[in-house]
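Here's the structure we're looking at; comments come further down.
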Amino acid sequence: MSSIDLRLGRWQDALAGVTCDALICDPPYGAKTHAPSVSECQRYDGSSGKNIGPAGHYDGWTATEIAEFVSAWSPRCSGWIVTMTSHDLIPAWEHAHLAVGRYCFAPVPLVMRGMSVRLCGDGPSSWTVYAVVARPRSRAFATWGTLDGAYIGAPSREAGGGRGKPGWLLDALVRDYSRPGDLVCDPFAGWGSTLSAAVANGRRAIGSEMNADAHAEAMRRLARPLQIDMFGGAA
């Protein structure tokens, strides 16, 4: 296969039978994150560059979807599983990993200042999501090394621009939770940012995206010559 293999469809179908060395992805968050605001107020989402209000939402995940995902991927991923999530789903991710025998660590804060700003002024903005990271219970991974306990963007490296999670964050997760030459998988590829970061850091990449428009945009972006941003990762 080439360095990047991005497939169109649900991960259950498009990635059936695929095995990988590391799984790094940003699946749906909890219902509260995706549900309409009961106060009808809006918040600015720096990742999409849009105001999110009652009309702009989609279904979140529950413990059922999380358990299905972890059960399907744990035997097919020989290394770390790294999933970004909202705070309310952390217990469900931890339970799912423990149920399949993985060693699950405390959630790692991913701080992207300016990511989501509440416009109605009724509380704090949301600048943080969490990475739930879990590894096999083996001697090899017990000596992996000490990793960062949080990832915090500098003022010049904020989320935004409508490109999903920022390049500096994806570069860091790829570097910390995989090794050069590994096959990194992202079953929720979006515009392909994680796959691009994997290749920029000397890994191979495979993923799926079920939205045809997002898949087409990702294919267009991934076809461009790779440019390395010295401060923000893959451009």
Side-chain angles (χ1 to χ4, degrees), residues 1-30 33-34 47-48 58-86 89-90 92-97 99-100 102 104 107-108 110 129-136 163-167 169-174 176-178 182-201 203-219 221-222 234:
M1 60 179 282
S2 62
S3 295
I4 299 181
D5 181 0
L6 176 56
R7 305 175 182 183
L8 176 61
R10 297 166 65 247
W11 64 264
Q12 295 93 329
D13 306 315
L15 300 177
V18 167
T19 60
C20 63
D21 300 299
L23 191 149
I24 301 172
C25 63
D26 190 18
Y29 296 171
T33 300
H34 298 309
S47 294
S48 66
Y58 56 94
D59 293 337
W61 265 17
T62 67
T64 300
E65 287 82 15
I66 291 170
E68 175 195 358
F69 183 81
V70 172
S71 295
W73 279 107
S74 185
R76 294 157 51 190
C77 178
S78 62
W80 291 92
I81 294 180
V82 180
T83 52
M84 299 176 226
T85 192
S86 51
L89 288 185
I90 290 172
W93 282 106
E94 292 176 335
H95 179 78
H97 285 300
V100 298
R102 283 186 169 255
C104 188
V108 180
L110 312 176
V129 298
Y130 299 87
V132 177
V133 301
R135 61 165 173 77
R163 297 184 298 176
K165 296 299 183 291
L169 174 58
L170 299 174
D171 277 347
L173 294 176
V174 166
D176 283 356
Y177 292 98
S178 66
D182 279 356
L183 178 60
V184 174
C185 181
D186 182 356
F188 306 93
W191 286 3
S193 300
T194 300
L195 306 183
S196 180
V199 172
N201 286 281
R203 282 69 165 163
R204 296 167 295 134
I206 187 170
S208 63
E209 172 53 49
M210 64 183 295
N211 182 284
D213 291 337
H215 180 269
E217 176 63 16
M219 295 297 290
R221 289 169 177 264
L222 295 172

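Just so it is clear, the values below take in all heavy atoms, side chains as well, and ignore hydrogens, waters and symmetry mates.
- Of the possible polar contacts, one joining the Ser178 side chain to the Val174 backbone as a donor-acceptor pair under 3.5 Å is found.
- Annotation: the span from Met210 atom CE to His215 atom NE2 amounts to 13.0 Å, rounded to 0.5 Å.
- The nearest pair of heavy atoms linking Asp26 to Phe188 is O-CB, 4.0 Å.
- By the side chain to side chain donor-acceptor pair (under 3.5 Å) test, Asp182 is found to be paired with no residue, residues two or more places apart in sequence or in another chain being considered.
- The main-chain N or O of Gly30 is found under 3.5 Å from a side-chain atom of Ser86 such that the two form a donor-acceptor pair.
- Listed for the Arg221 side chain is no donor-acceptor partner under 3.5 Å among the backbone atoms of Trp191.
- In this structure, the separation between CZ on Arg203 and OG on Ser3 is 13.0 Å, given to the nearest 0.5 Å.
- For Ile66 against Ala96, the heavy-atom pair with the smallest separation is CG2-CB, 3.9 Å.
- In this structure, Tyr130 has no ring-ring contact (aromatic ring centres under 6.0 Å, His included) partners at least two apart in sequence or on a different chain.
- In terms of heavy-atom proximity, Pro28 sits nearest to Leu89 at O-CD1, 4.2 Å.
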Inset, instruction - Take Tyr177 and Arg135 through the test side chain to side chain contact (heavy atoms under 4.5 Å, CB included) and record every step on the way to the result. - result: CA-CA 10 Å; Tyr177 292 98; Arg135 61 165 173 77; over 6 Å; no
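- At least one donor-acceptor pair under 3.5 Å links the side chain of Glu65 to the backbone N or O of Thr62.
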Contacts table for residues 13-22: side-chain donor-acceptor under 3.5 angstrom, sequence neighbours left out:
from	atom 1	to	atom 2	distance (Å)
Asp13	OD2	Arg10	NH1	3.0
Asp21	OD2	Leu183	N	2.7

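- One distance of note links SG of Cys25 with CH2 of Trp73; it measures 9.0 Å at 0.5 Å rounding.
- Using a 4.5 Å heavy-atom threshold, the side chains of Glu94 and Pro107 count as touching.
- Taking the salt bridge (Lys or Arg N to Asp or Glu O under 4.0 Å) definition, one finds that Arg102 meets it with nothing, sequence neighbours left out.
- Applying the side chain to side chain donor-acceptor pair (under 3.5 Å) criterion to Ser71, with sequence neighbours excluded, gives no partner residue.
- When side chains are defined from C-beta on, Lys165 does not count as touching Leu173, because their heavy atoms never get closer than 4.5 Å.
- Residues Thr83 and Phe69 have side chains in contact (heavy-atom distance under 4.5 Å, counting atoms from C-beta outward).
- Among Asp171, Leu170, Leu169, the one residue that satisfies the side chain to side chain contact (heavy atoms under 4.5 Å, CB included) test with Thr194 is Leu170.
- The side chain to side chain contact (heavy atoms under 4.5 Å, CB included) test with Leu6 is passed by exactly one of Ile206, Leu195, Asp186: Leu195.
- Here Ser208 pairs with nothing under the side chain to side chain donor-acceptor pair (under 3.5 Å) rule; sequence neighbours left out.
- No side-chain heavy atom of Pro27 sits under 4.5 Å from any side-chain heavy atom of Trp11.
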